[in-house]
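Since this is a predicted model, take the numbers as computed values, not measurements.
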Number of protein chains: 2
Amino acid sequence: MADVARASGVSVMTVSYALNRPERVAAHTRQRVLETARRLGYSGPDPRARSLRRRISDCLGVVLGEQLRYAFDNPMVTRFLAGISDELVQSGEALTIISTAGGDRDRDRVTAAAVDAFVVWSTATDDPALLAAIATGRPVVVQGGPQLPGTQCVSIDDRAAAYAITEAAFATSRRPAVLSFPLTQERTPGIGYGFDPGSTTYPVTEARLRGIADYCQARQISNDEVLVSVAARNDESHGREAARALLAQRPDAVMAMSDELARFLLEEASASGLRVPDDIAVTGWDDEPSAARLGLTTVAQDLRAQGAICARLALGRQTENPYAPWHVMHRTTTRGA
Amino acid sequence: MADVARASGVSVMTVSYALNRPERVAAHTRQRVLETARRLGYSGPDPRARSLRRRISDCLGVVLGEQLRYAFDNPMVTRFLAGISDELVQSGEALTIISTAGGDRDRDRVTAAAVDAFVVWSTATDDPALLAAIATGRPVVVQGGPQLPGTQCVSIDDRAAAYAITEAAFATSRRPAVLSFPLTQERTPGIGYGFDPGSTTYPVTEARLRGIADYCQARQISNDEVLVSVAARNDESHGREAARALLAQRPDAVMAMSDELARFLLEEASASGLRVPDDIAVTGWDDEPSAARLGLTTVAQDLRAQGAICARLALGRQTENPYAPWHVMHRTTTRGA
DNA sequence: CTGAAAGCGCTAACAG
DNA sequence: CTGTTAGCGCTTTCAG
């Protein structure tokens with residue numbers, strides 16, 4: 001920029017103005033400056049210097065946890081990112097994806113990101129990456145939860161939705177079961193009767209367990225009658241393993257915490273010759289495209305819309321923040337109430 | 001940082017060293033500095049100032065063209081991004097997605113991005129966003145093409161692959177046809193006989209048309225005998241429209257430029273009661289998951305691997321850059337040669 | 001309408 | 001091992 005100023009015989013400030021505030025500089029001067037800039041191959045202000053001075057990066061950071069390292073493989077995450085993208089494209093901000101790797105350096109990755117605000121995908125209450133984002137003092141919006149001081153949270157009412165889908169799953173059931181996400185960051189898989197919502201560090205999982213407990217209470221089912229199989233991860237190998245463990249106990253109704261887990265269960269069930277929903281009712285969560293194909297009864301929520309809302313909140317374009325809408329999509333994997 | 005220095009009674013440099021070069025500072029001093037930093041809620045060097053000074057952002061920019069604004073909707077793009085992400089996660093760089101919107105400001109979006117290098121998804125030769133990336137003087141790697149001075153290009157040999165897949169598509173054909181991507185940035189749809197590779201501004205499309213022409217020449221088919229239907233966009237409505245226009249002319253073999261276009265054609269063909277491959281042979285391009293389901297003969301390439309290569313080249317971790325591998329995946333939508 | 005001064009927060013380079 | 005100096009490239013503020 002100094003070069004351009006020298007070459008066009010004006011001060012650096014005039015160049016800056018010519019580039020950023022056309023109205024504050026005479027048309028002919030501006031013309032000359034722009035001309036010189038082009039001639040010298042100057043391609044505009046250095047973004048690093050500019051953002052240091054202006055204290056704005058025009059960039060939104062999205063923090064994706066360890067298990068989402070391959071974010072682009074997960075349809076729900078990509079839908080969420082698409083929603084954020086929708087919002088940013090119009091206004092010209094960029095989107096920086098900060099993938100954490102589960103190590104000590106995750107904190108640094110977040111701290112080192114030159115972004116104006118953070119959007120964090122649902123994580124554990126004590127996730128260091130989330131804490132690092134909060135520590136920067138910049139706005140933090142979390143999808144799903146946790147809801148910590150210094151953050152906003154965009155989410156459906158997981159507890160209410162869990163109640164409703166559990167009702168669809170467990171109707172007429174005598175041997176109800178849950179195919180669950182991990183309860184702690186150790187991601188211990190396992191199977192057994194009973195569950196304690198208070199003992200999980202993932203707020204979304206906790207809320208869903210509470211919803212299940214609410215339903216059980218209404219139906220006068222003890223938590224200890226509910227068989228719970230925990231998948232270490234929401235992926236194929238762990239999912240199938242947890243599904244098989246569950247089926248070995250012959251449940252007649254399974255509330256699965258994601259459409260993917262439900263899909264694995266349906267496939268394993270069909271391989272065992274079980275009829276759905278007569279022998280076993282199954283529900284999912286999210287209503288991803290495969291759910292319609294499978295006839296899966298599931299909780300429908302619009303993650304794309306939630307992505308856009310997260311972006312707007314993070315950038316201060318919106319302040320009100322009610323629960324996002326959801327509904328139970330009744331299909332053919334459940335028995336009518 | 002100045003506050004931390006003052007509060008711990010050392011110079012700013014010592015704080016900087018304590019944070020960045022643990023080995024250059026006495027253990028106890030470092031301890032004290034870190035302690036003070038924590039106490040003051042100082043969460044590490046300001047990334048903007050640091051990147052200005054170090055001239056490094058630890059961030060790779062990915063430029064996605066206008067038609068990819070909803071990048072996360074497109075499975076090939078997400079696979080490519082996943083590959084880039086694979087490479088970055090290990091070394092801790094972030095990934096900034098710069099979505100262009102097709103307007104004048106696209107240039108600025110690219111120029112304003114604080115990234116160390118650019119990866120650009122296949123675009124037109126005169127795409128302003130690409131030119132802006134090159135103008136920054138930072139490394140630019142383009143997937144697919146164009147191959148301009150100042151850039152590296154990661155791609156399969158589209159021309160050779162087009163020859164091979166056209167051979168699979170057109171074997172025994174008497175009424176060959178192509179279902180093509182747009183030829184120019186105007187994206188004019190249309191249908192007619194003949195094609196001229198030289199007249200398209202999309203290098204990938206051009207290379208494929210050249211491959212088709214090569215095959216026609218080998219078979220002694222004139223380009224003018226080939227029916228070409230151009231889809232304005234690679235999406236459902238435009239794709240179906242172009243497919244229907246093509247079917248109305250009763251081709252017996254169609255080389256489609258993407259699996260998606262091929263899928264629309266197959267669906268329309270089946271709706272018209274055509275048998276595949278007997279009445280009409282169809283080929284796709286990319287071998288996305290749906291291709292296997294459909295039994296689609298297609299060009300298989302690994303975009304995830306190409307993404308990783310783009311990232312490595314852009315960050316200077318790799319210099320050699322041969323054509324990426326590809327092969328024709330023969331399935332059931334084509335007649336044996 | 002244009003310019004001079006000051007400094008954003010940090011680190012490279014070089015003393016001590 | 002620690003400190004001083006200088007300056008990254010820009011824009012805010014205030015004066016002409």
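Nearest heavy-atom pair, A:Pro47 versus B:Ala112, reported as atom, atom and distance to 0.1 Å: CB-O, 3.2 Å. Closest approach of B:Ala314 and B:Leu60 over heavy atoms only: CB-CD1, 3.7 Å.
Crowding of A:Gln31 atom CD: a count of heavy atoms from other residues, nucleotides or ligands under 6.0 Å not exceeding 12. Counted within 6.0 Å of CZ on B:Arg138, heavy atoms from surrounding residues, nucleotides or ligands total more than 12; the atom is thus considered enclosed.
Between D:dT11 and A:Arg50, a contact under 4.0 Å exists linking OP1 or OP2 to a side-chain N or O. Between D:dG3 and B:Thr14, a contact under 4.0 Å exists linking OP1 or OP2 to a side-chain N or O. Phosphate contact (OP1/OP2 of D:dC10, side-chain N/O of A:Ser16, threshold under 4.0 Å): absent.
A:Met1 places its CE atom 11 Å from the P atom of D:dG9, with the value rounded to the nearest Å. Protein atom CG of A:Leu19 is 13 Å distant from nucleotide atom C1' of D:dG9, rounded to whole Å. Counting to the nearest Å, the C1' atom of D:dC8 and the CG atom of A:Asp3 are 14 Å from each other. Between A:Asn20 atom CG and D:dC10 atom C1' there is a gap of 9 Å when expressed in whole angstrom units. Counting to the nearest Å, the C1' atom of C:dC10 and the CD1 atom of B:Ile56 are 15 Å from each other. Regarding A:Asp58, its CG atom lies at a distance of 12 Å from the P atom of D:dT11, rounded to whole Å.
Contacts between residues 25-46 of chain B and DNA chain D, defined by a heavy-atom separation under 4.0 Å, are made by B:Val25, B:Ala26, B:Thr29.
With A:Thr111 contributing its side chain and A:Ala133 its backbone, the two residues share no donor-acceptor pair below 3.5 Å. Under the 3.5 Å distance criterion, the side-chain polar atoms of A:Arg304 are left unmatched by any main-chain donor or acceptor of A:Phe80. Proximity of a side-chain donor or acceptor of A:Asp116 to a complementary backbone N or O of A:Cys59 within less than 3.5 Å is detected. Panel note: side chain B:Arg30, backbone B:Val25; no donor-acceptor pair is recorded below 3.5 Å.
Looking at the side chain of A:Ser11, the nearest of the listed nucleotides C:dT11, C:dG9, C:dG3 is C:dG3.
Two end axes, each from the C1' atoms of five base pairs, can be drawn for the helix from C:dC1-D:dG16 to C:dG16-D:dC1; they diverge by 30°, to 10 degrees.
Atom OG in A:Ser51 sits 8.0 Å away from atom CG in B:Leu52 (nearest 0.5 Å).
In summary, A:Glu35 and A:Arg38 engage in a salt bridge, as defined by a charged side-chain N under 4.0 Å from a carboxylate O.
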What nitrogen or oxygen pairs link the protein and nucleotides 12-16 of chain C at under 3.5 Å?
residue, atom, partner, partner atom, Å
C:dA12, OP2, B:Arg21, NH2, 3.1
C:dA12, O4', B:Arg53, NH2, 3.4

